[in-house]
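These figures come from a predicted structure and were not determined experimentally.
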Amino acid sequence: SIIPSITITDLNGISSNSTYLDSAPYTGTPITDGSHILEVNATDMAGNLATTIVSFTVDTIAPVVTINPVITPTNVTTQTITGTFTDINIANVTVNGILATLGAGTYNALVNLTEGSNSINVIATDLANNIGTSSTNILLDTIAPITTDNSPVTWQIADFNVALTA
């Protein structure tokens, strides 16, 4: 929540003023998250009226961002990372520093992997610069297993007889 700072000045003085938040008298209490309209009316000593109306949004909540399940381990060196976010005022989502493509509450980005463990870090930033994060790991294994022949160098063949009778 926030408390706006309202200043009213006039060279000859102010005789009256009124402030409204969302059409209700405003008394200086904290303003909660959401869209609001603030109206300030002031009358100077000569009877001149001035009105200022400001529309604004209070956003103190960080976006919630998730990563859809990834395939790990994998032998594919590039992966499309996908997931979701909850903030309707999203500014951007990055995956390992790569700007993601945004959809309606979704994102995707193609990342390159290196051999071994790869950290996948997703950062979602809304228009109020609130930040939400999510992380996972992907193991890239492109090295085939090594096989060895452990059979003896020489084979001993035993003598045996086969008798056939008719």
Side-chain angles (χ1 to χ4, degrees), residues 1-74 76-141:
S1 61
I2 66 163
I3 298 175
S5 174
I6 302 167
T7 304
I8 303 169
T9 59
D10 186 86
L11 292 177
N12 296 315
I14 302 296
S15 67
S16 67
N17 67 71
S18 58
T19 305
Y20 298 92
L21 178 66
D22 302 327
S23 300
Y26 178 66
T27 59
T29 57
I31 301 174
T32 59
D33 279 28
S35 297
H36 300 282
I37 298 173
L38 185 69
E39 178 181 338
V40 178
N41 301 299
T43 304
D44 67 13
M45 298 305 280
N48 299 307
L49 174 65
T51 298
T52 300
I53 298 174
V54 178
S55 297
F56 62 96
T57 300
V58 176
D59 181 1
T60 61
I61 300 170
V64 175
V65 62
T66 63
I67 301 172
N68 290 338
V70 295
I71 298 171
T72 186
T74 183
V76 180
T77 59
T78 58
Q79 294 289 317
T80 299
I81 305 301
T82 62
T84 62
F85 58 86
T86 59
D87 202 309
I88 61 170
N89 296 312
I90 202 76
N92 63 63
V93 174
T94 60
V95 180
N96 287 10
I98 299 166
L99 194 59
T101 301
L102 302 180
T106 64
Y107 69 88
N108 70 75
L110 186 66
V111 296
N112 294 316
L113 304 176
T114 58
E115 192 69 29
S117 182
N118 291 262
S119 293
I120 305 299
N121 299 300
V122 178
I123 300 172
T125 306
D126 68 15
L127 295 174
N129 286 324
N130 298 309
I131 294 174
T133 63
S134 187
S135 299
T136 192
N137 289 301
I138 299 176
L139 178 64
L140 176 64
D141 180 4

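Checking side-chain atoms of D44 against main-chain N and O of N48 turns up a donor-acceptor pair under 3.5 Å. One N or O on the side chain of N96 and one on the backbone of N121 form a donor-acceptor pair closer than 3.5 Å. In terms of modelled atom types and a separation under 3.5 Å, the side chain of D22 and the main chain of I37 share a donor-acceptor contact. With hydrogens and angles ignored, the 3.5 Å screen pairs no side-chain donor or acceptor of T80 with any backbone N or O of A109. For N89 (side chain) and A91 (main-chain N/O), no donor-acceptor pair under 3.5 Å exists by modelled atom type. For the pair T52 (side chain) and V40 (backbone), a donor-acceptor distance under 3.5 Å is absent. N118 places a side-chain N or O within donor-acceptor distance of the main-chain N or O of T114, the cut-off being under 3.5 Å.
Taking CD1 of I3 as the start and OG1 of T29 as the end, the distance is 7.5 Å to the nearest 0.5 Å. The CG atom of L113 sits 7.5 Å away from atom OG1 of T74, with the distance rounded to the nearest 0.5 Å. Interatomic distance, Y26 OH to S18 OG, rounded to the nearest 0.5 Å: 14.0 Å. Within the model, atoms CD1 of I120 and OG1 of T136 stand 7.5 Å from one another, a figure rounded to the nearest 0.5 Å. Here the CD1 atom belonging to I61 is positioned 8.5 Å from the CG atom belonging to D87, to the nearest 0.5 angstrom.
Contact detail for E115 and L140: the closest heavy-atom pair is OE2-O, 3.2 Å. Between I138 and I71, the shortest heavy-atom distance links the atoms CG2-O, 3.6 Å. Residues I31 and P4 approach most closely at CD1-CD, 3.4 Å, considering heavy atoms. Nearest heavy atoms, T43 versus L49: OG1-CD1, 3.6 Å. Heavy-atom minimum distance, N12 versus M45: O-CG, 2.9 Å. Taking every heavy atom of both residues into account, I90 and F85 meet most closely at CG2-CE1, 3.6 Å.
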Working for side-chain contact (heavy atoms from CB on, under 4.5 Å), residues V58 and T32:
CA-CA 7 Å; V58 176; T32 59; over 6 Å; no
Apply side-chain contact (heavy atoms from CB on, under 4.5 Å) to L127 and D59, showing your working.
CA-CA 8 Å; L127 295 174; D59 181 1; 6.0 Å; no
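A donor and an acceptor atom, one from each side chain of S119 and N137, are located under 3.5 Å apart. N68 and T82 form a side-chain donor-acceptor contact under 3.5 Å, judged by distance and modelled atom types alone.
Between N130 and P63 there is a side-chain heavy-atom pair separated by less than 4.5 Å.
Other residues, nucleotides and ligands contribute only 12 or fewer heavy atoms inside 6.0 Å of the OH atom of Y20. When the shell of 6.0 Å around CD1 of I88 is examined, it contains 12 or fewer heavy atoms from other residues, nucleotides or ligands.
Residue N41 forms a side-chain hydrogen bond (donor to acceptor under 3.5 Å, both in side chains) with just one option from T51, N17, T19, and that option is T51. Considering T84, V122, T94, N92 as possible partners of Y107, the one that fulfils the side chain to side chain contact (heavy atoms under 4.5 Å, CB included) test is V122.
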